[in-house]
Amino acid sequence: MSRFKSDFLRTLDERGFIHQISDEAGLDELFAKETVTAYIGFDPTAPSLHAGGLIQIMMLHWMQKTGHRPISLMGGGTGMVGDPSFKDDARQLMTVDTIESNIASIKRVFANYLSYGEGAKDAMMINNGDWLRDINYLEFLRDVGRHFSVNRMLSFDSVKTRLDREQSLSFLEFNYMILQAYDFVELNKRYGTRLQMGGSDQWGNIINGIDLGHRMGTPQLYALTSPLLTTASGAKMGKSLNGAVWLNPDMLSAYDFWQYWRNTEDADVSRFLKLYTTLPMDEIARLSALGGSEINEVKKILATEVTAMLHGRDNAEQAAETARKTFEEGALADNLPSIDVAKGELEAGIGLLALIVKAGLAASNGEARRHVQGGAVRINDVAISDERTVIGSGEVTADGVIKLSLGKKKHILVRPA
């Protein structure tokens with residue numbers, strides 16, 4: 001029996017999204033009696049979010065599904081400063097053009113999870129640059145800055161961690177928490193926003209916004225954070241051996257995205273089904289009870305469901321079929337990831353190590369050499385043990401490609417161009 005009466009908090013609770021809430025009873029009451037507007041902020045530090053941010057997007061998704069209005073707030077203003085929370089060093093400062101370009105690129109993903117529009121329950125995408133970029137500094141200090149105690153700001157874990165390590169925290173970064181707090185007040189004033197959500201590392205920043213709202217005369221505001229997720233073995237969510245697991249399809253293919261979830265550790269399968277899919281809880285309970293070899297079938301369901309939400313059902317099922325053909329039939333699936341290599345380069349011959357790096361299966365020749373020495377590299381399904389091997393047009397198969405494999409799960413088609 002859930003401790004919540006509102007559909008939204010009950011859904012979040014049973015699926016494992018809740019870490020902390022500032023006032024459980026008050027927020028539950030609010031969600032039970034009215035349509036609530038809530039937001040999560042996304043800083044445009046790259047042209048795409050990665051899988052680590054999916055938990056936040058899913059919270060907004062469930063909010064809309066249970067009849068409320070979500071706001072995805074783009075950090076067009078705060079992105080000019082950069083969130084210092086729990087970072088060892090200051091972020092690289094970005095130009096306005098880079099920030100705007102990143103926001104335009106990031107936006108494309110959200111429509112797969114949220115329905116945007118002008119209606120009372122339609123999602124909204126807002127840019128905090130609309131109010132932060134034109135701030136009058138002296139007025140802002142007088143109207144907003146006076147409500148902040150430096151003593152208290154210094155006590156926040158995100159600040160203390162940097163100072164305890166004797167790492168510099170610039171005045172620019174120190175202002176970030178004031179700007180984020182002000183966002184909450186401004187969103188309440190403009191759109192009646194009552195709740196800010198985020199990862200547990202944002203708790204101090206969100207509470208700041210609640211306190212500022214209290215001092216500046218808003219209605220009661222609320223905070224809700226999700227747990228910071230790591231995999232069962234302690235790896236950070238959204239990171240793979242090849243780097244970030246990007247959400248934008250031009251930065252990571254549907255097939256590679258599917259593979260990331262297919263490779264989920266056994267201990268994480270049930271938790272990830274709850275957090276990252278919309279499968280009903282009774283179906284998740286049934287799947288979670290399966291063990292032994294059946295767990296691999298459940299992982300495929302997980303991978304297909306998560307990929308379907310982001311890339312569409314057709315692309316997800318195509319990725320699953322590509323994997324099945326490649327791994328179960330040993331067939332050459334046309335829609336495996338591929339790279340083009342100039343015909344002239346292949347005719348002259350390209351070193352195996354250079355090809356592995358070019359295909360993105362290793363970051364350096366040294367790493368590629370270790371893969372070869374470890375017996376992990378195959379050309380056209382034949383293991384290659386000599387790192388000095390030269391690959392040429394003679395390796396092009398009847399299908400017109402060379403299949404380069406690393407281990408059992410990573411395959412790249414090399415296409416003569």
Side-chain angles (χ1 to χ4, degrees), residues 46-48 50-51 92 98 101-102 105 238-263 303 307 311 315 318-417:
S48 170
H50 61 67
Q92 282 294 117
T98 301
S101 170
N102 286 352
S105 181
K239 302 282 186 188
S240 73
L241 291 174
N242 289 344
V245 181
W246 300 111
L247 302 186
N248 280 36
D250 55 337
M251 293 177 70
L252 190 78
S253 70
Y255 174 80
D256 286 331
F257 187 76
W258 188 93
Q259 278 294 340
Y260 172 75
W261 297 98
R262 166 64 183 84
N263 293 334
T307 306
H311 291 278
N315 286 328
Q318 190 178 61
E321 179 61 11
T322 298
R324 190 187 68 76
K325 278 185 176 174
T326 306
F327 305 130
E328 292 170 21
E329 295 178 9
L332 193 62
D334 285 339
N335 49 348
L336 280 172
S338 66
I339 59 164
D340 290 337
V341 175
K343 278 182 183 169
E345 195 176 352
L346 273 178
E347 282 165 9
I350 180 170
L352 177 62
L353 301 184
L355 185 62
I356 293 169
V357 172
K358 192 180 183 83
L361 296 176
S364 65
N365 280 2
E367 185 185 342
R369 185 177 291 110
R370 287 192 292 277
H371 287 320
V372 175
Q373 290 170 347
V377 175
R378 294 190 311 288
I379 293 287
N380 298 330
D381 296 322
V382 177
I384 307 292
S385 57
D386 186 353
E387 66 195 54
R388 293 164 300 182
T389 299
V390 174
I391 307 301
S393 49
E395 276 71 46
V396 177
T397 65
D399 296 305
V401 295
I402 300 169
K403 182 181 176 189
L404 171 63
S405 305
L406 177 65
K408 291 181 180 176
K409 294 181 177 175
K410 291 181 185 169
H411 308 275
I412 303 283
L413 300 183
V414 179
R415 299 185 183 276

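Heavy atoms only: backbone and side chains are in, while hydrogens, waters and symmetry mates are out. Given the structure is predicted, the values throughout are model-derived calculations rather than measurements. For this chain, numbers begin at 1 and follow the sequence in order.
- Proximity of V341 to I391: side-chain heavy atoms (C-beta onward) are nowhere separated by under 4.5 Å.
- S105 places no side-chain N or O within 3.5 Å of a backbone atom of S48 that could act as its donor or acceptor partner.
- Residues A319 and A254 come closest through the heavy atom pair CB-O, 4.1 Å.
- Counting heavy atoms from C-beta outward, K403 and I379 have side chains that stay 4.5 Å or more apart.
- Among all heavy-atom pairs drawn from E387 and L353, the shortest one is O-CG, 3.7 Å.
- Salt-bridge check for E367 with R370: failed, with every basic side-chain N at 4.0 Å or more from each acidic carboxylate O.
- Remark: L355 CG to L361 CG distance equals 8.5 Å, nearest 0.5 Å.
- Side-chain contact between V372 and T389 is absent, with no heavy-atom pair separated by less than 4.5 Å.
- Put simply, the side chain of P47 does not reach to within 4.5 Å of the side chain of N248, judged on heavy atoms.
- Of all non-hydrogen atoms in Y260 and A51, the two that sit nearest each other are CE2-CB, 4.3 Å.
- Between atom NE2 of residue H311 and atom CD of residue Q318 there is a gap of 12.0 Å, rounded to the nearest 0.5 Å.
- In this structure the side chain of L406 never reaches within 4.5 angstrom of the side chain of I356, judged on heavy atoms.
- A distance-only check finds a donor-acceptor pair linking the side chain of R378 to the backbone of G407 [under 3.5 Å].
- In this structure, D386 CG and Q373 CD are separated by 10.0 Å, a value rounded to the nearest 0.5 Å.
- The side-chain heavy atoms of L252 and V245, taken from C-beta on, include a pair separated by under 4.5 Å.
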Could you go step by step and tell me if T307 and N315 meet the side-chain contact (heavy atoms from CB on, under 4.5 Å) rule? CA-CA 8 Å; T307 306; N315 286 328; 5.7 Å; no
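- Heavy-atom minimum distance, K358 versus I350: CD-CD1, 4.2 Å.
- Note on residues 243-262: pairs passing salt bridge (Lys or Arg N to Asp or Glu O under 4.0 Å), not counting sequence neighbours, are R108-D250.
- What you find for H50 and A244 is that their closest heavy atoms are CB-CB, 4.2 Å.
- In this structure, A323 and W258 approach most closely via the heavy-atom pair CB-CZ3, 3.4 Å.
- Scored by the side-chain contact (heavy atoms from CB on, under 4.5 Å) test, T98 finds M94, T95, N102 as partners (sequence neighbours excluded).
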